[in-house]
Structure formats: structure tokens, C-alpha cells
Amino acid sequence: MSDYYSQPLMPFAITFDQEKLALTPEGPTLTRRMSDLEGLFLDGDSWKAAAQGDNPVVYSVVSSPVPELDRELPQSITTIQPGNTGGELWMTKGHQHPNHQGEIYLGLKGTGGLLMFDGERTEWIDMVPGTIGYIPPGWAHRSINVGADPYSFLAVYPGGAGHDYGWVLEHGMGKRAFTADSGVDLRPYEG
Ligand code: M6P
Ligand code: ZN
């Protein structure tokens with residue numbers, strides 16, 4: 001692996017399989033279970049029961065083999081399962097980019113939301129297949145599945161962007177997304 005990445009990458013094609021929502025060639029994959037989402041759901045008791053119970057997979061991330069290095073442009077597909085914990089819709093951990101670089105998300109399948117927070121303002125973009133959500137520099141971002149089926153999106157981001165998860169634990173995301181009879185109930189963060 002390290003030898004491979006020590007050479008500049010040559011141009012290459014990546015196959016996007018629309019059925020399997022997979023990228024070939026494949027890079028690293030990431031699976032996040034409920035136990036990986038400590039401190040994120042408002043209802044900590046429900047989170048603990050789920051994490052200590054069947055500890056379901058909440059989301060997974062597959063990627064192409066473009067490395068997370070400065071000036072590279074990695075891509076990944078995240079699939080969030082449908083569900084809620086204490087009424088709060090299943091979501092990614094969410095992160096800030098330490099050097100405030102931008103990112104784009106493209107909705108692929110299912111319905112979701114892109115929640116962004118710059119420390120003061122909160123923005124929400126409804127994500128359906130074909131929606132490009134633009135994450136400007138300095139906005140922390142979290143994705144949420146608002147539907148009854150898995151929600152998948154493609155991300156393209158600067159390789160040196162990094163993932164600051166502590167920022168979200170410290171500052172929150174401005175709002176939380178809960179189940180509602182129709183759509184999503186966005187509530188102020190509190191806790
Ligand atoms: C997208 C990208 C990735 C990110 C993933 C999961 O695919 O933004 O960089 O890792 O979503 O989100 P998180 O890292 O917040 O768990
Ligand atoms: Zn990001």
C-alpha cells in the first residue's frame with residue numbers, strides 16, 4: 001500500500017455500480033455500528049441499550065483507492081440504514097474539516113438530509129437522488145436518513161481535509177433531526 005501511494009497516481013477510471021452502490025477499484029471501507037456513535041444521540045439511555053444490545057450497523061462507507069493526501073480528491077459512498085434512536089433519526093457522526101476545506105455530496109438513493117453548522121448558523125438540504133449538496137469551507141456536516149429505506153450518497157472531498165469529530169462533540173450541530181409523521185422534525189440542539 002505505502003509503495004503504491006508513494007508514487008503519484010496515474011489517471012484512472014473508477015466504475016460506479018448504480019445497483020450495488022460500489023466503486024471499483026475499491027479503497028478502504030468503514031463500518032460504523034451504534035457503539036461507535038457514543039455521545040451523539042440526545043437520548044443516551046436509548047443509545048446505550050442499542051449499543052449494548054444488537055449493536056446494529058448504522059452506516060458504512062466504501063471508497064475508491066484515492067488516498068487522503070493533500071491535493072488528491074478522494075471519493076466515497078456512504079449508506080445510512082433507516083432507523084431512529086429515541087426518535088432521533090440515524091445519522092453519521094458528523095465532522096468539521098480542520099482547515100475548513102469544502103466538500104460536495106451527491107444523493108444516489110433513498111432520501112436524506114445534509115445538516116450543516118458553522119458554529120452559529122444551521123442549514124439543512126433535502127437530499128434525493130441527483131441533489132448535489134455543497135458544503136462550504138468552515139461548515140461542519142452530518143448526513144441523516146429521513147426515509148424508510150437505506151440512504152446513499154457520494155462524497156468528493158479534498159484529500160487533506162481531515163475529520164475533526166471532537167468539534168462536533170464540543171459544539172453540536174445546531175439542530176437535531178427527529179422522526180415526524182411527514183418529513184423530519186428539526187429541533188434545537190440542547191445537549
Ligand atoms: C462521507 C464523507 C467522508 C465521511 C463519511 C462518514 O462519505 O464526508 O469523509 O467519513 O461521509 O461521515 P463521518 O466521517 O462524519 O462519520
Ligand atoms: Zn467532510
Side-chain angles (χ1 to χ4, degrees), residues 14 16-17 20-24 26-41 47 50-51 55-83 85 88-119 122-125 127 129 131-146 150-177 189:
I14 296 156
F16 164 54
D17 185 324
K20 293 184 185 141
L21 297 167
L23 298 170
T24 313
E26 255 180 54
T29 67
L30 179 73
T31 301
R32 293 224 208 264
R33 292 182 174 273
M34 191 59 78
S35 55
D36 298 313
L37 304 183
E38 185 167 9
L40 298 179
F41 290 101
W47 167 79
N55 196 21
V57 171
V58 178
Y59 62 99
S60 56
V61 185
V62 300
S63 58
S64 79
V66 174
E68 290 189 330
L69 295 176
D70 237 6
R71 302 194 301 144
E72 298 284 0
L73 209 50
Q75 321 91 40
S76 55
I77 295 175
T78 301
T79 299
I80 309 174
Q81 297 305 314
T85 296
E88 193 168 358
L89 290 160
W90 283 5
M91 59 193 179
T92 59
K93 289 176 71 166
H95 59 269
Q96 176 68 284
H97 297 156
N99 294 319
H100 287 185
Q101 298 183 50
E103 181 165 1
I104 59 165
Y105 285 176
L106 166 66
L108 297 175
K109 204 168 186 180
T111 51
L114 169 51
L115 177 66
M116 291 176 275
F117 182 52
D118 73 350
T122 307
E123 290 290 330
W124 172 273
I125 294 176
M127 296 290 293
T131 307
I132 295 178
Y134 178 59
I135 301 159
W139 289 75
H141 36 290
R142 164 177 286 164
S143 293
I144 293 146
N145 187 343
V146 304
Y151 162 58
S152 299
F153 65 95
L154 174 80
V156 183
Y157 56 98
H163 295 82
D164 184 351
Y165 297 106
W167 193 94
V168 169
L169 286 170
E170 189 179 336
H171 302 275
M173 284 299 300
K175 295 210 167 135
R176 292 180 179 280
Y189 206 80

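Whatever order the structure lists them in is the order used to number ligands and atoms, beginning at 1. Bear in mind that the values here come from a model prediction, so they are computed numbers and not experimental data.
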Test item: side-chain donor near acceptor, His97 and His141, under 3.5 Å: yes
Side-chain donor-acceptor pair present, Tyr157, Gln75, cut-off under 3.5 Å: no
The Zn ion (ligand 2) - closest N/O/S atom in His95: NE2
Axial cation check for Tyr59 ring with Arg32, 6.0 Å and 45° limits: no
Atoms of ligand 1, numbered as shown, that sit under 4.0 Å from any heavy atom of His163: 3 (C), 4 (C), 9 (O), 10 (O), 14 (O)
Tyr165, any N or O under 3.5 Å of ligand 1 N or O: yes
Atoms of ligand 1, numbered as shown, that sit under 4.0 Å from any heavy atom of Ala155: 1 (C), 2 (C), 7 (O)
For Tyr105, the ligand 1 atoms whose distance to one of its heavy atoms is below 4.0 Å: 1 (C), 2 (C), 8 (O), 11 (O)
Ligand-side contact atoms (ligand 1) for residue partner Tyr59, heavy atom cut-off under 4.0 Å: 6 (C), 13 (P), 16 (O)
Which atom of Leu21 lies closest to which atom of Ile77, heavy atoms considered: O-CD1, 3.7 Å
Check: Ile80 main-chain N/O paired with Asn145 side-chain donor or acceptor under 3.5 Å: yes
Those residues that, when tested against Gln81, pass side-chain contact (heavy atoms from CB on, under 4.5 Å) (two or more places apart): Thr79, Trp90, Pro150
Lys175 side chain near Trp124 side chain, heavy-atom distance below 4.5 Å: no
N/O/S from His97 sitting under 2.8 Å away from the Zn ion (ligand 2): yes
Closest protein heavy atom (residue, atom, distance) for atom 7 (O) of ligand 1: Thr78 OG1, 2.7 Å
Closest protein heavy atom to atom 12 (O) of ligand 1, given as residue, atom name and distance to 0.1 Å: Thr92 CB, 3.8 Å
Among the N, O or S atoms of His141, the one nearest the Zn ion (ligand 2): NE2
Geometric cation-pi criterion Lys93 and Tyr165, 6.0 Å radius, 45° cone: yes
Subset of ligand 1 atoms that lie under 4.0 Å from at least one heavy atom of Gly94: 15 (O)
Ligand 1-proximal atoms of Glu103, by part, heavy-atom distance under 4.0 Å: side chain
Any donor-acceptor N/O pair, Arg33 side chain to Pro56 backbone, under 3.5 Å: no
Numbered atoms of ligand 1 (with element) below 4.0 Å of Arg32, judged on heavy atoms: 14 (O), 16 (O)
Nearest to the Zn ion (ligand 2) - the N/O/S atom of Glu103, by atom name: OE1
